[in-house]
Amino acid sequence: MADESRSGRSDKSDSQPGNAAGADRWPREEARRLAERVAAYEPARPVIFQSGFGPSGLPHLGTMAEILRPSFVRKAFHLIELSRPSRLIVFIDDLDGLRKVPENVPNRADFDRYLGLPVSKIPDPFGCCASFADHMIGQLRKFLAPVEVEYELMRSAEMYSSGRFDEGLKLILDKHAEVTAIIAPTLREENRAGWSPFMPICPNCGQVVERTVSAYHTERASIEFICEKSAGGRSGCGFRGEQSVLGGMAKVQWKVDWALRWYVLKVDYELYGKDLTDSARLSGQILRALGAQPPLGFPFEMFLDEEGRKVSKSVGRGVTVEQWTRYAPIEVLKFFLLRNPHRARKLFLKAIPQYVDEYLDALCEYAAAPEEKKRESPLEYVIQKSTPKRFNSELSFGFITSLVPALGTADSNVIVSYLLKRDPNFEGEENTASMVAVLVECAINYYKDFVEPTKQPYSFSDVEREQLKTLATWLNDHPNANAEEIEKRIYDLGREYYPDKPGKIFPLVYHAILQQVRGPRLGAHIAEFRLRAVKRLQEAASVGIA
RNA sequence: GAGCCGGUAGCUCAGGUGGUAGAGCAUGUGACUUUUAAUCACAGGGUCCCGGGUUCAAGUCCCGGCCGGCUCACCA
C-alpha cells in the first residue's frame, strides 16, 4: 500500500467488512425463500425470474432496477443451488394498445392515428426498425448492454399469436366469472357492468377493443363483441361479431395478463415497484383462481430526490442512467441498486461522488480478500467481465475532481499523466488503470457541471495583494528557480507577513492560482505550471479577486 | 378517508434472533519547528419521529398518534 498517495479515501483495512454489508443481504434472503419454494421441483425444472417492460416508453432508471434486482436474487440463488437452471425473462408488453402518443416521437400530431393499435403493429416513427415496439426493444437492448445482465426477451405479441398462451386463455375463459368477481369489487361502480377480462383485437380495424364483450362461449373458446371503443380512447369501427380468444385474436386485461404470464411461464420470482403492490395482490388472487401459486417477490421502494420527494420522470426530477454514466462508472449504479430495496433511497447527482468512493473502498477490500470471502462480497453481484476487478490505489473521486481546476485542463490525458506521477502504482496494472481512466472522464464532467458553477470568488485585501505581487515579481526575476527554492521563497514571505504563523500565506496563494483553500505542494506545482501560476498571481494582485 | 411501506448524527446510510446507539463524509481544535490535494491525536455532535405497553432489558416486539411516500382507474 502506498503511503504517499493517500488522497481522500478512508483507510478501512482493519475495520469490519464494508459498512454496507448488512444492506445487501436481501438477495441471499430472497434466494433462501426461493430455494424453499422450488425444493420439490424436479431437478431439471428451471427457476423462472421475470421482469416486465412496456415498450411505449423509453427505458429508465426504474427499468434498470427492475431487471437488475431480480438478477441479483438469481445470482444469490445459484450460490446455494448449484445445479438447478434458471432463466430471467424480460417480458415485453408489445400487444398492448397504444394509450397515448409518446413525447419523444417525431411528427407527434401524425401519430394519433395509431392509438389503440398494438404497439407491435405500429410502424417505427424513427424509420429504422420493423415496428415501434421493435424500436423500443432495440433501445432496451442498448440500454442493458453495459451491465452484462443475462436475460431473454419474450414478446407478448409473439406469445399470444404463437398459441403459447392458448391453454391459459382457455382456462381464463372458463373462469371468466371468477376472474371478474375478483376484479369487479375494485372498480368504480359505474364501470363494473361492462368489465371483461378479455380485450378482443378487432379483425377489421386492428384496434385492441375494450369493454364490449357481450357473450362468452367456452366450448368454442370465443367471445362476442362490438368494436366500439379502443384502448387508445378512439372510437371503434363498429365491427360486430364472434371471435376466438386464441392465437392472438384477443388479449387479456392488465392484471389478468400478469397472472396469465405467471401461469403459463411458471414464474417463480418477480419484483415490482411499490406502485404495483395492489395489482400484484389481485393478479395473485387471479392466479390462485387458475390453480397456481403466485411467484415470490416484493414491492420495492421508489427513488427520492434530494428533498425526499418522489422522483418523477415527467417533472424532470431525479437521475437518469445517462446522467449516471456521465458522472460515475456503471458498476457504481449496480452497487447502489444492491442496497436494501425495502427502503426509499435518495438519489441525486451531488451524492454521486460519495457513492463512487464507497464503491472504490469496497473494490479495494474485495481485491484484498481471500477467495472464500470474495464469494460473500456484494461486489460479486456488481463486477463484470468488462469492468475492473481491483483498484490498487488510494485515489478518490473527489481528489481527481479537484485536479480539473488545479491543472486548469479538461484534457483527460494531462490528468492521467499527473495521477501517474502521484501514484505510480497503477501503471501497468490494467484494472486500476482502466478504472482511473473512467474516473477521470467522470470527474471532468462532474467538475464542469457541479463544482465550477458554485465557486465563490475570493476578495484579497490590499496587504494580500501586495504579497501576491511580491511573489509574482520574484518568480519573474528568478525564471530558473527550482521547486525547493520557490517553496522556500513562499515560506519566507509567510514569515515576513505572519511571523506567528507563516503557513497562513499558503491558502492565499491557493486562492489566487487554484481558486481553492488547499492544494499541492506549491513549490513543485508552480515549478511545473509556472506560466499559468504567474499569470494568475498577477491577475489576483491587480484585480483583487480570484 | 382506507390499505401498504418508511422515519437512526449536519449529509449518505449500517444496526439478521431484544442486551451500554455505529461508520463514512462534513465540522471544530491541536500537533507535525519550510505544506498539507496530507497524516496523526482529540472533540463536538442523537429525546433512534412522539406517546403508551410487554420485558430484568426496546432503535429492535405490540398498540395508538404525527410526518413523508405509494396505492385506492377497464393505465401498465
Side-chain angles (χ1 to χ4, degrees), chain A residues 3-12 15-16 18-26 28-29 52-57 93 96-97 99-100 183-184 186-188 190-197 199 210-212 229 231-233 253-258 272-281 298-302 304 306-311 339-340 342-348 350-351 353-355 357-358 361 394-396 398-403 406 422 484 486-495 502-503 505-507 509-510 514 516-525:
Chain A
D3 283 334
E4 296 182 6
S5 56
R6 300 192 187 287
S7 308
R9 264 165 51 241
S10 63
D11 180 14
K12 301 197 297 183
S15 64
Q16 312 114 351
N19 197 10
D24 42 52
R25 195 165 32 221
W26 69 272
R28 272 168 281 171
E29 273 163 16
F53 175 67
S56 45
D93 289 307
D96 287 23
R99 301 232 162 227
K100 58 179 187 210
I183 297 295
T186 71
L187 305 177
R188 288 185 195 168
E190 65 267 31
N191 289 326
R192 287 179 196 170
W195 192 83
S196 166
M199 296 190 290
E210 286 188 327
R211 239 183 130 165
T212 56
K229 183 169 168 267
Q253 292 273 3
W254 148 238
K255 285 161 203 154
V256 190
D257 207 43
W258 209 2
Y272 43 88
K274 76 187 284 191
D275 51 326
L276 293 185
T277 309
D278 217 45
S279 299
R281 208 192 83 241
F298 60 87
F300 55 77
E301 275 288 344
M302 330 240 54
L304 270 31
E306 193 164 3
E307 276 82 44
R309 289 174 303 188
K310 184 210 165 191
V311 162
R339 295 194 192 189
N340 187 357
H342 291 289
R343 186 189 289 259
R345 299 273 158 197
K346 284 189 186 170
L347 179 50
F348 49 97
K350 278 187 223 141
Q354 181 185 334
Y355 297 138
D357 283 344
E358 276 174 23
D361 280 336
E394 294 287 337
L395 295 172
S396 74
F399 172 67
I400 299 175
T401 305
S402 72
L403 242 35
R422 184 182 172 77
E484 207 177 315
I486 296 172
E487 188 83 31
K488 183 175 185 316
R489 177 60 194 136
I490 297 171
Y491 200 82
D492 286 345
L493 209 57
R495 248 194 297 249
I505 185 87
F506 290 100
V509 181
Y510 285 125
L514 300 176
Q516 56 195 40
V517 218
R518 289 179 177 177
R521 286 183 73 91
L522 275 174
H525 180 80

- Using the C1' atom as the reference point in each nucleotide, state the distance between B/rG22 and B/rG59 in Å, no decimals. 12 Å
- Complementary nucleotide of B/rU34, counting Watson-Crick and G-U pairs under 3.5 Å: none
- Task: Pick the P atom in B/rU12 and in B/rA43, then give their distance to the nearest Å.
- Result: 26 Å
- Nearest-nucleotide check on RNA chain B, A/R495 vs A/H342; residue mapping nearer the 5' end is A/H342
- Distance, rounded to the nearest Å, where A/Y272 contributes OH and B/rC4 contributes C1': 11 Å
- Taking every heavy atom of A/K346 against every heavy atom of A/Y355, the minimum-distance pair comes out as O-OH, 3.1 Å
- Message: With heavy-atom distances below 4.5 Å as the criterion, would you say the side chains of A/Y510 and A/L522 are in contact?
- Response: yes
- For nucleotides B/rG64 and B/rU29, find the distance between their C1' atoms and express it as a whole number of Å. 46 Å
- Message: Just to verify, what does A/K229 make a side-chain contact (heavy atoms from CB on, under 4.5 Å) with, not counting sequence neighbours?
- Response: A/E210
- A/W195 side chain reached by A/I183 side chain, heavy atoms, under 4.5 Å: yes
- Query: Please give, in whole Å, the distance from B/rA76 P to A/K274 NZ?
  - Reply: 22 Å
- Message: With salt bridge (charged side-chain N to carboxylate O under 4.0 Å, His left out) as the criterion, how do A/E301 and A/R339 come out once you've worked through the C-alpha distance, each side chain's angles and the decisive distance to 0.1 Å?
- Response: CA-CA 11 Å; A/E301 275 288 344; A/R339 295 194 192 189; over 6 Å; no
- Comparing A/R188 with A/Q354, nearest RNA chain B nucleotide closer to 5' gives the residue A/Q354
- Item | Distance, P atom - from B/rG1 to B/rA57, rounded to whole angstrom | 36 Å
- Message: At 4.0 Å (heavy atoms only), tell me whether A/D257 reaches a base, stays on the sugar-phosphate, or touches nothing.
- Response: nothing
- Query: Does OP1 or OP2 of B/rG7 have a side-chain N or O of A/R345 closer than 4.0 Å?
  - Reply: no
- Task: Sticking with atom P, work out how far B/rG65 lies from B/rA21, rounded to a whole angstrom.
- Result: 29 Å
- Task: For B/rA23 and B/rG45, measure between their C1' atoms and round to the nearest Å.
- Result: 15 Å
- Query: So, is A/R343 close to the B/rC5 phosphate, meaning a side-chain N or O under 4.0 Å from OP1 or OP2?
  - Reply: no
- Item | Touch class at under 4.0 angstrom, heavy-atom based, for A/D278 against every strand present | sugar-phosphate
- B/rG28 and B/rG15, which share atom name C1', separated by this distance in whole Å: 27 Å
- Message: In whole Å, measure the gap between the P atoms of B/rC42 and B/rC25 for me.
- Response: 15 Å
- Out of B/rA76, B/rA73, B/rA37, whichever nucleotide has its closest atom nearest the side chain of A/F399: B/rA37
- Query: How is A/I183 classified with respect to the nucleic acid when contacts are heavy atoms under 4.0 Å: base, sugar-phosphate, or nothing?
  - Reply: nothing
- Checking N1-N3 plus N6-O4 or O6-N4 for Watson-Crick, or N1-O2 and O6-N3 for wobble, each under 3.5 Å, the partner of B/rU12 is B/rA23
- Looking only at side-chain atoms of A/E29, point me to the closest of B/rU34, B/rG16, B/rU12. B/rG16
- Task: Mind checking A/Q253 for me? I need base, sugar-phosphate or nothing, with any heavy atom below 4.0 Å counting as a touch.
- Result: base
- State whether A/K346 places a side-chain N or O below 4.0 Å from either non-bridging phosphate oxygen (OP1 or OP2) of B/rU12. yes
- Side chain of A/N340 (C-beta onward), nearest among B/rA14, B/rA76, B/rC70: B/rA14
- Message: Tell me which nucleotide, if any, is Watson-Crick or G-U wobble paired with B/rG59 when both distances must be under 3.5 Å.
- Response: none
- Message: Is there a side-chain contact between A/Q253 and A/M199 in this structure, where contact means two heavy atoms from C-beta onward sitting under 4.5 Å apart?
- Response: yes
- Pick base, sugar-phosphate or nothing for A/S56, based on heavy-atom distances below 4.0 Å to the nucleic acid. nothing
- Minimum-distance nucleotide (side-chain atoms of A/E487 versus B/rU12, B/rU34, B/rC75): B/rU34
- To the nearest Å, how far apart are A/F300 CZ and B/rC5 C1'? 14 Å
